[in-house]
Amino acid sequence: MNDKLPISAYKGADVVEIAINLLGKQLWTNFDNSLTGGLIVEVEAYCGATDQACHAYPDKLTPRTKTMYQAGGVAYVYLVYGMHHLFNIVTNVEGRADAVLIRAIEPTHGEETMKLRRQQIDSNKLLTGGPARLSQAMGISVADNNTDLQSDNIWLTEGKQFSKEEIIRSTRIGVEYAGEDALLPWRFHIKGNKYVSK
DNA sequence: TTCCCGATTTACT
DNA sequence: GTAAATCGGGAAA
């Protein structure tokens, strides 16, 4: 259970299926000799070829989307609103711009480090519920864009097996600009988990 | 080069 | 509930 997820776990052609399979997996980072880890409890799928919500739509290679065209198994990290770093996992084969946005984790290791990174002295701030929050807690930034998930900085392992009944499917958050594709039910989260974003 | 706006979070009225 | 923060990507000029 401590072995890194193999490349094959990221190379499938169906990004939605991979997104579902990533629920319950354990995400780890090790920066500056500080290990942090948590279970993935909320994800969203994005598909560059067909999905208007995806940065790479309509299958458009740019300096930014280049990362998503890599073969599955690397990190796609980008900046939104000039301040928030969002962590995605690139999927599919080279040349297909698909990715899974990690929206929330349940912390399991290194919570003190996470609190320091989040400046969570007074506890009004959520620790890891929300895509920018978990990136900050795990120490992930745009500097980690294109990082291989077999590396010793960011990687995944098996984690906890959730039952089908615990997995809730819904529309994605913050993609109203995507027209009819905003209605795609490509968000998945663990029912009742307190770390799932609002 | 200008311009618009975003896969969000937080503080404040 | 609403608005501010803050800056780079991408399209248009």
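The chains referred to below are lettered A, B, ... by the order of the sequence lines, with proteins before strands, and numbering in each begins at 1.
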With respect to the side chain of [X], which nucleotide from [options] is positioned closest?
| X | options | value |
| --- | --- | --- |
| A:Val80 | B:dG6, B:dT9, C:dT6 | B:dG6 |
| A:Ala132 | C:dG10, C:dA5, B:dT9 | B:dT9 |
| A:Met83 | C:dT6, C:dG10, B:dT8 | C:dT6 |
| A:Lys125 | B:dT10, C:dG10, B:dT8 | B:dT10 |
| A:Arg103 | B:dT8, B:dT9, C:dA5 | B:dT8 |
| A:Tyr81 | B:dT9, B:dG6, B:dA7 | B:dG6 |
| A:His84 | B:dG6, B:dT10, B:dT9 | B:dT9 |

Please answer: with hydrophobic residues joined when any side-chain heavy atoms are less than 4.5 Å apart, are A:Leu149 and A:Leu22 in the same cluster?
yes
Aromatic ring of A:Tyr177 stacked on base six-ring of B:dG6, 5.5 Å, 30°
no
Any donor and acceptor pair, going by atom type alone, linking the side chain of A:Tyr177 with main-chain N or O of A:Ala53 inside 3.5 Å?
yes
Between B:dA7 atom P and A:Leu79 atom CG, what is the distance in whole Å?
11 Å
Partner of A:Val196 by side chain to side chain contact (heavy atoms under 4.5 Å, CB included), out of A:Glu42, A:Arg103, A:Lys191, A:Glu106
A:Glu42
Check this for me, if you would: do A:Arg117 and A:Asp32 make a salt bridge, where the nitrogen-to-carboxylate-oxygen distance has to be below 4.0 angstrom?
no
Which part of the nucleic acid does A:Arg118 contact within heavy-atom distance under 4.0 Å: base, sugar-phosphate only, or nothing?
sugar-phosphate
With a 4.0 Å cut-off on heavy atoms, is A:Leu86 in touch with a base, just the backbone sugar-phosphate, or nothing at all?
sugar-phosphate
Give me the distance, rounded to whole Å, that separates C:dG1 from B:dA7 when you measure between the C1' atoms they each carry.
23 Å
